[in-house]
2 protein chains.
Amino acid sequence: MELSDRKKKILAAVVEQYIKTGEPVGSKSLLEYQPMSLSSATVRNEMAELSSMGLLEQPHTSAGRIPSHKGYRYYVDNLMGRTELDEKVRKHIENAVSEKSGDADSLLSRAGEVLANITNCAAVSAATVGESAVIKRIEMVPVGTRTAMLVLLTSTGILKSKICRADSEITPSLSESFYNVTSAALVGRPLCDVNLATMQTLAASVGCDAFAMLSLLAGVTELARDASQVDVRLDGQSNLLNYVELEQNAYELMEFLRKGEPLGDIVTLNKNDLDVLIGKENKYRQLEHSSVIMARYSVKNQDGGTIGLIGPTRIDYAKLIPSVKYLTDLVGRILTKALEED
Amino acid sequence: MELSDRKKKILAAVVEQYIKTGEPVGSKSLLEYQPMSLSSATVRNEMAELSSMGLLEQPHTSAGRIPSHKGYRYYVDNLMGRTELDEKVRKHIENAVSEKSGDADSLLSRAGEVLANITNCAAVSAATVGESAVIKRIEMVPVGTRTAMLVLLTSTGILKSKICRADSEITPSLSESFYNVTSAALVGRPLCDVNLATMQTLAASVGCDAFAMLSLLAGVTELARDASQVDVRLDGQSNLLNYVELEQNAYELMEFLRKGEPLGDIVTLNKNDLDVLIGKENKYRQLEHSSVIMARYSVKNQDGGTIGLIGPTRIDYAKLIPSVKYLTDLVGRILTKALEED
DNA sequence: GTTAGCACTCGGTATATGTGAGTGCTAACT
DNA sequence: AGTTAGCACTCACATATACCGAGTGCTAAC
């Protein structure tokens, strides 16, 4: 879709004014906001054309125009000038996500928190689950006569743990055979290979302790399943309650966010460096009045994960996109550095 | 405060009708709902007295009455007949919180979920932190050349873990001295003894590895702090968005619930078998339109923790209190059984 | 002590009316 | 041909007015 320069200028002005004020933008008020050597009548004609092209919408006949999701899309793709990241915001981000912040998990937590804070939106983050992930290590730490903590570490650095109750006492000999069995049969195997069926044959092979072993191995199976699922961190959901345009469906939206699966679905859609999904572009109905901005970070030049935000469609794209981008890059750098030191 | 039988009957009817309909209750409509051999004028007189006693309120002069928080309180303490738990609900609870559900943590999670579901409120749960808790065990599982997972187990059964980055490589000799140091100096000590100052002297004592040791011990300190803090699980917050009386302050309420500390504060208030806090009785302003129902469960005849719910003041106390009670008792029984087997 | 009766209150709904920011269209003007 | 002044028209929103009805408190009679 090719637009004349004048149309571009008008569309951009409409989007920006609407983002700022939240009110439908009329031809006359547009000229106040963005003076041009044009009469309102001309603007009106142009706006009418932009409407028929599907880039602008009218809430009702005698109101001003608001951008349609296609309008936002055109703006984001072609018109938006990315504003420089505000110095204060940058400092804020850097402060929250400092290098000393230990492991990847807590770094992502921090990143989500700060993003939710500075943007007043909900923040999501998720580390990519490598399909090629193999089990690097399995540990069992007994924490009672019949309970133990199982720890599973993958080659991609994902760490999961879980308390597990065995069906009988965890004797030193059971510990030993658990160690033997897992290191012989599981370490080095891809996560998807771990399932209850293989566990059963494995457990059977140890003989007398088979029954207790099975419950432990079942725990390992659950861990492996956990480790191969995206887990999405979510922050600042309640921020979304402040937007009038979202509050009519507040409950639905919150419930949607609470459930992990659809969110996991969304972040895995983020294949590019930066993705923006506007309103109805989202495949989930619950997000039809929301926009999602997601960016990937990479660790050692490999795909690391996604950090993004969810807000109303009427959101300051020009300002927030650089924030998300800056944060993901920073997280990527920090994790890369941590990995190199390791 | 002593009330005549007739006043009691009228108060109970007002509370029950208001809980059911959500509309202020007038003298005439009350008689429809609860036929009595009285005229509406008499009811009116009684209501006026109940109002002046502070048990009923009028939203505006010419409207019906609604219970004040004192009115609810009187109802809950003196008038309410506890209804039997619905068979379906009981089955639902039992199903969700079955014995096989592993460790205490996940059991509480499940309990919170089911409670939020059946009550349509927010559910909270928290295990009591024993002040007498001492460190039972500390484990370190290396998960990288410089990172390790620290695991801390207390005598009260609380288990915490954390990833920790050491300042230098984690050599077998470091692991060994970590094991020696912690088992000699920390195991058996109460949680509150663990602080950075003592860690520094401890670290210094190991000689050459002091620096790396310190970062590990700092991790242990954090774990100990974690373990001695109540951690409150929260479920079904979004359920509260469905109540009109709460939705004006939805954002505030959600933010309040999101923050852990005030919630921790609230559950630790639950000293009795069953506590109900109604509206303004809550010390937090954010809950002035909410009621909190909390019950304790015990494990092996010792205080185990609290499970409760947060809803609007206009809530079916007679129905929900038994649900909470049943759930806590069940959880207590299951945990006791699990502990005995252990 | 109870109740019928009555004047009064007041939120909610309905109706009319005006206001103003917006529109589209046409005809005149560069 | 593109631009613009002008104009009739639209429609959400605000304000005023009236009315309804479920509620009240109070009084006087039962």
Side-chain angles (χ1 to χ4, degrees), chain A residues 2-11 13-18 20-68 71 244-245 248 314, chain B residues 2-11 13-18 20-68 71 244-245 248 314:
Chain A
E2 212 24 71
L3 260 52
S4 71
D5 279 0
R6 195 167 67 183
K7 278 205 180 58
K8 284 181 184 169
K9 201 171 170 187
I10 289 176
L11 178 57
V14 171
V15 172
E16 279 160 21
Q17 193 182 341
Y18 181 65
K20 204 175 260 175
T21 67
E23 309 264 285
V25 180
S27 52
K28 223 168 145 188
S29 85
L30 182 89
L31 285 172
E32 269 164 49
Y33 168 83
Q34 168 83 260
M36 296 187 253
S37 46
L38 285 176
S39 77
S40 65
T42 311
V43 174
R44 218 143 50 224
N45 289 332
E46 295 286 46
M47 278 174 146
E49 277 183 64
L50 287 168
S51 285
S52 69
M53 294 165 92
L55 296 170
L56 294 180
E57 284 174 348
Q58 279 180 289
H60 45 266
T61 344
S62 75
R65 302 305 212 285
I66 63 175
S68 68
V244 271
E245 55 262 64
Q248 43 210 325
R314 194 199 124 215
Chain B
E2 213 21 72
L3 258 53
S4 71
D5 279 0
R6 194 167 67 184
K7 278 203 181 61
K8 284 182 184 167
K9 200 171 171 189
I10 290 177
L11 178 56
V14 172
V15 172
E16 279 161 21
Q17 193 182 345
Y18 181 66
K20 204 175 261 175
T21 66
E23 308 263 286
V25 181
S27 52
K28 223 168 142 187
S29 85
L30 181 88
L31 285 171
E32 269 166 48
Y33 168 81
Q34 168 84 260
M36 295 186 252
S37 47
L38 283 176
S39 76
S40 65
T42 311
V43 174
R44 218 142 51 223
N45 289 332
E46 295 285 47
M47 278 175 146
E49 278 183 63
L50 287 169
S51 285
S52 69
M53 295 165 91
L55 295 170
L56 294 179
E57 285 174 348
Q58 278 180 291
H60 48 267
T61 345
S62 75
R65 304 302 214 285
I66 62 175
S68 69
V244 272
E245 55 262 63
Q248 44 211 323
R314 196 200 121 213

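These numbers come from a predicted model, not from an experiment. So that the names make sense, note that chain A is the first sequence line, chain B the second, and so on, each numbered from 1.
- When all heavy atoms of Met47(A) and Ile10(A) are compared, the pair lying nearest together is CG-CG2, 4.2 Å.
- Along DNA chain C, the nucleotide nearest His60(B) and the nucleotide nearest Thr42(B) are compared for position; the residue whose nucleotide lies closer to the 5' end is Thr42(B).
- Ser29(B) comes within 4.0 angstrom of sugar-phosphate atoms only, judged by non-hydrogen atoms across all strands, and of no base.
- Across all strands shown, dT27(D) forms a Watson-Crick or G-U wobble pair, both distances under 3.5 Å, with dA4(C).
- Put simply, OG on Ser27(B) and CD on Glu46(B) are 12.0 Å apart, with the number rounded to the nearest 0.5 Å.
- You'll find a donor-acceptor pair under 3.5 Å spanning the side chain of Ser62(A) and the base of dT10(D), going by distance alone.
- Distance Leu50(A) CG to dT23(C) C1': 15 Å, rounded to the nearest Å.
- Closest approach of Tyr18(B) to Val25(B), counting heavy atoms only: N-CG2, 3.9 Å.
- Taking for each of Ala48(A) and Asn45(B) the nucleotide of DNA chain C with the nearest heavy atom, the 5'-most of the two is the partner of Asn45(B).
- Here the shortest heavy-atom pairing between Leu31(A) and Leu38(A) reads CD1-O, 3.6 Å.
- Rounded to an integer number of Å, the gap from CG of Leu30(B) to P of dA22(D) is 16 Å.
- Here the P atom of nucleotide dT24(D) and the CD atom of Glu57(B) are 15 Å apart, to the nearest Å.
- Contact annotation: Arg65(B) reaches the phosphate of dT24(D) (side-chain N/O to OP1 or OP2, under 4.0 Å).
- Whole-Å rounding puts the Leu31(A) CG to dT3(D) C1' distance at 13 Å.
- We find that NZ of Lys28(A) is positioned 11 Å from P of dA5(D), with the value rounded to whole Å.
- We find that CD1 of Ile10(A) is positioned 13 Å from C1' of dT3(D), with the value rounded to whole Å.
- Distance, Tyr33(B) OH to dG23(D) P: 15 Å, rounded to whole Å.
- In the set dA4(C), dG11(C), dC7(D), dC7(D) carries the atom at the smallest distance from any side-chain atom of Arg44(A).
- Residue Lys28(B) places its NZ atom among 12 or fewer non-hydrogen atoms of other residues, nucleotides or ligands, all under 6.0 Å distant.
- Taking atom CD of Glu23(A) as the reference point, atom P of dT23(C) lies 14 Å away to the nearest angstrom.
- Considering only side-chain N and O atoms, Ser27(B) lies nowhere under 4.0 angstrom from the phosphate OP1 or OP2 of dG23(D).
- dT17(D): Watson-Crick or G-U partner is dA14(C), with both key distances under 3.5 Å.
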